[in-house]
Amino acid sequence: METEGVKPLDILKKYWGYDSFRGIQSDIIESVLSGRDTMGLMPTGGGKSICFQVPALMMDGLCIVVTPLIALMKDQVRQLKNRGIMAEAVYSGMMREDIIRVLDNAVLGAYKLLYVSPERLSTEIFLAKLERMRQVSMIVVDEAHCVSQWGYDFRPSYLQIAKIRRLLPSEGVPFLALTATATPKVVDDIQEQLGFREKNAFSMSFERKNLIYVVRETEDRAGEMLHILQGVPDGSAIVYTRTRQQTAELARFLEENGITASNYHAGLTDAEKDYRQVNWTKNRVRVMVATNAFGMGIDKPDVRMVIHFNMPDSLEAYFQEAGRAGRDGKTSYAVLLYNRRDIQTLNRRVPETYPDLDYVKQTYENVAYFLQVGVGEALGRTFYFPMEMFCARFHQFPVQTNAALHLLNNAGYIEYHEEQDFKSALHFILRKEELYRIHETDEDTELLIQTILRTYSGVFSDFVYIEETMLAHLTGLSAERVYQMLKDLHHNRIIDFIPHRTTPTVSYTVARVDTDLINLPDSVYAERKADYQERIDQMANYVTSTDKCRSRMLLNYFGEQNDHDCGQCDVCLAHKNTAATHADTIMKAVQTIKDYLQDGKAHKLIELKTLPLKTEVLDEAISYMLDEEMLVIKGANVTWNSD
């Protein structure tokens, strides 16, 4: 229940030092405190976290926050602890004993907020501990668009969230769903998927008056990117690109041209991601060149520029990524570079993302053959799935195979993780006292061994997860050198070393069925394929439009009607320039007519047709001059009004 006599503003002032709420924060907080399921649509930088952190401190029990953003979890937990608020997080990659410790403390009431990644919700450990939690104040679903199959970033793991409501020890626990991007259709679907007891959504305006949207059609993207960054030299920047390889190539290109840059993608180790992110956040490098793996949950206010080097496949993705610019309210730019081939490329992705049903069935059968799984077998079993080996053996293309596995995942036949991350691990074979008798190791190896012993516990009893990059930072050696030394120690039988790897996994959520029985419902295949094509068409319409304000197009897409143009996007500026040029043309025509009539005599109107002016320009100039009483027309004659 709500803390007696304490108001939301009291909590805000005490822990955050603010005197008032922004936008719809107060409305959302009051709705949650009244026990209602609530949804909030707030653009990037709108202050979503306040909407659940404040009521969490006013209500008895534990607030569970579901979010896929590990960087956001870590950052918010750190900030809450700095404010004296007990909070913790459970996410993929944590050691089992650490997960159990955190969940046990949550059962004992040690925290006010517990952040959980969505894939943890279905684990036996979490479900068992959840049933023992005495009081849960509310469930928060961040990035809630991921629960909707109509959303641009649907994640099947989010469908587990609604199921935990019936496991809670008390009824009536409110859900709070938050997102920065959702169309009206997705807003309704989110509330339905999460089992809202009644529809109840609050929305801020998505308009960003300080953000200037620009679309540039170009054949030289790299040159255009460099020109833009040089033209706006202040503040940080993000360049989004489609592939990991491009992130490295473009970062190197910028460095060669005098602009400090780093790159970021999902294939980096956690330590390397953190290291690069910190360097960018602390302005040690100006530009982060990244895939869409970067940016969620990053609170950096002085990003002056977000450049999309490639055309995104949806306005939702574009709007969210572009919105990371200008969070401090100062003028900033969102620039999208494209050429006509981009639209063709996106359209080709539709059949690649939604291969035909026969291909999906054949993939299901081939996977079972590859994993040696018979009909009726493998319920609940998980298998490593080396994609390259599979595709080589069955002559399938990786892109379509990946898509087919995702469709089978969404239809409930398997659970497919495209990049299940397995950290490096090591275990000392020699006993601790035996290490001191080793004389053949060099100084660097000795330093590495001592650093491992100081940093990790339990390395003599079992395998322990390690981060080569962190060891590199601690020892001053390069990550490549640390990796090679660990391999040498393994070769010399001093340690067992399992290198970091990213391996897809396939789990059978139902026992293997006969291939002929495989069916993809319309909600998984036909409807989603049509929706994907529609999103691409909307994206293509956005970049090719030359007569509609960019900001208004985005707002209309998200269901917000706006009666004014932004006046600053590339389309609005082009219209202003066109209008100014047209006005100049008319004034020159006025002067031409004036010069012709300066003799003071009456002239036939038809004579003006002989002047070197286009008909539409002449007509508009005459109309203007009549309005300004510069001409006198009597019958078929016209004279200059000298009064």
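Since the structure is predicted, the reported quantities are computational estimates derived from the model, not experimental observations. Because only heavy atoms are used, hydrogens play no part in the values below, and waters and symmetry mates are left out as well, while side chains stay in. Position 1 is the first residue of the sequence, and the numbers go up from there.
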- Item | Nearest atoms (heavy-atom pairs only) where E352 meets A403 | O-CB, 3.2 Å

- Task: Check for a donor-acceptor pair, side chain of Y364 on one end and backbone N or O of V513 on the other, with a separation under 3.5 Å.
- Result: yes

- Message: side-chain hydrogen bond (donor to acceptor under 3.5 Å, both in side chains), that's the test. Do Q246 and T241 meet it? Break it down for me.
- Response: CA-CA 7 Å; Q246 275 187 321; T241 186; 2.3 Å; yes

- Going by heavy atoms in the side chains, are L176 and I139 under 4.5 Å from each other? no

- Message: Assess the residue pair H308 and E321 against the criterion (side chain to side chain contact (heavy atoms under 4.5 Å, CB included)); give the C-alpha distance rounded to whole Å, side-chain angles, the decisive distance to 0.1 Å, and a yes or no.
- Response: CA-CA 9 Å; H308 279 81; E321 290 162 3; 2.7 Å; yes

- Kindly say whether T291 contributes a backbone atom to a donor-acceptor pair with the side chain of R242 at under 3.5 angstrom? no

- Quick one: CD on Q191 to CZ on F196, what's the gap to the nearest 0.5 Å? 5.5 Å

- Please examine the side chains of I28 and M42, heavy atoms only from C-beta on, and report whether any two atoms are closer than 4.5 Å. yes

- Spatial distance of atom CG (L194) from atom CZ (R197) [nearest 0.5 Å]: 12.0 Å

- Message: Taking E88 first and then K81, would you say they form a salt bridge - that is, a charged N and a carboxylate O separated by under 4.0 Å?
- Response: yes

- Query: Hey, does V140 have a side-chain heavy atom less than 4.5 Å from the side chain of L178?
  - Reply: yes

- I would like to know whether D188 and K199 meet salt bridge (Lys or Arg N to Asp or Glu O under 4.0 Å); could you show each step before the answer? CA-CA 8 Å; D188 287 342; K199 289 187 177 180; 3.5 Å; yes

- Message: If you define the side chain from C-beta out and look only at heavy atoms, does anything of L62 sit under 4.5 Å from Q135?
- Response: no

- Item | Main-chain N/O of I536 paired with D313 side-chain donor or acceptor, under 3.5 Å | no

- Task: Could you tell me whether D10 and K14 have a side-chain N and a carboxylate O separated by less than 4.0 Å?
- Result: no

- Query: So do the side chains of Q277 and F294 get within less than 4.5 Å of each other, counting heavy atoms only?
  - Reply: yes

- Message: Could you check whether any side-chain heavy atom of V90 comes within less than 4.5 Å of a side-chain heavy atom of F126, counting everything from C-beta outward?
- Response: no

- Query: Without hydrogens or angle criteria, can the side chains of N410 and Y525 be said to hold a donor-acceptor pair below 3.5 Å?
  - Reply: no

- Message: Testing the basics here: between S236 and W280, what is the closest heavy-atom pair and its distance to 0.1 Å?
- Response: CB-NE1, 4.0 Å

- Task: Could you tell me the separation between the CD1 atom of I190 and the SG atom of C146, rounded to the nearest 0.5 Å?
- Result: 9.0 Å

- Output for pair (R304 CZ, I212 CD1), nearest 0.5 Å, gives 10.5 Å

- Item | Exam field: side chain T353 to backbone V350, donor-acceptor pair closer than 3.5 Å | no

- Message: If you apply the rule side-chain hydrogen bond (donor to acceptor under 3.5 Å, both in side chains), what do you find for S205 with E560, and how did you get there?
- Response: CA-CA 7 Å; S205 171; E560 182 175 336; 2.6 Å; yes

- Check ion pair K48-E143 (N to O, under 4.0 angstrom): yes

- Would V116 and L121 satisfy side chain to side chain contact (heavy atoms under 4.5 Å, CB included), going step by step from the backbone distance to the final call? CA-CA 8 Å; V116 183; L121 298 177; 3.9 Å; yes

- Nearest 0.5 Å please: distance from the CZ atom of R120 over to the CG atom of L103. 8.5 Å

- Task: Compute whether any side-chain donor of one residue and acceptor of the other, for Y240 and R324, lie under 3.5 angstrom apart.
- Result: yes

- Message: Is it the case that the side chain of T247 and the backbone of N263 share a donor-acceptor pair, with hydrogens and angles ignored and the cut-off at 3.5 Å?
- Response: no

- Note on the structure: Output for pair (Q79 CD, Y15 OH), nearest 0.5 Å, gives 15.5 Å

- Task: Give a yes or no answer on whether the side chain of D302 reaches the backbone of G235 with a donor-acceptor pair at less than 3.5 Å.
- Result: no

- Message: Whether D328 and K300 form a salt bridge (side-chain N of Lys/Arg under 4.0 Å from carboxylate O of Asp/Glu) is what I want to check.
- Response: no

- More than 12 heavy atoms of other groups within 6.0 Å of Y333 OH: no

- Item | E316 versus Q320, side-chain donor and acceptor atoms under 3.5 Å | no

- Verify whether one side chain among N402 and Y416 offers a donor that lies under 3.5 Å from an acceptor in the other. yes

- State whether the side chain of S523 and the backbone N or O of P521 hold a donor-acceptor pair below 3.5 Å, judged by distance alone. no

- Query: With no hydrogens and no angle check, is any side-chain donor or acceptor of T179 less than 3.5 Å from a backbone partner on A182?
  - Reply: no

- Query: Would a line drawn from the ring center of Y557 to the ring center of F319 be shorter than 6.0 Å?
  - Reply: no

- Message: Any non-hydrogen side-chain atom of W16 less than 4.5 Å from a side-chain atom of I50?
- Response: yes

- Task: Answer whether the closest heavy-atom distance between the side chains of M539 and L336 falls below 4.5 Å.
- Result: yes

- Task: Start with the C-alpha gap between L113 and Q53, add the side-chain angles, then the distance that decides, and say whether side chain to side chain contact (heavy atoms under 4.5 Å, CB included) holds.
- Result: CA-CA 8 Å; L113 295 104; Q53 290 173 350; 4.0 Å; yes

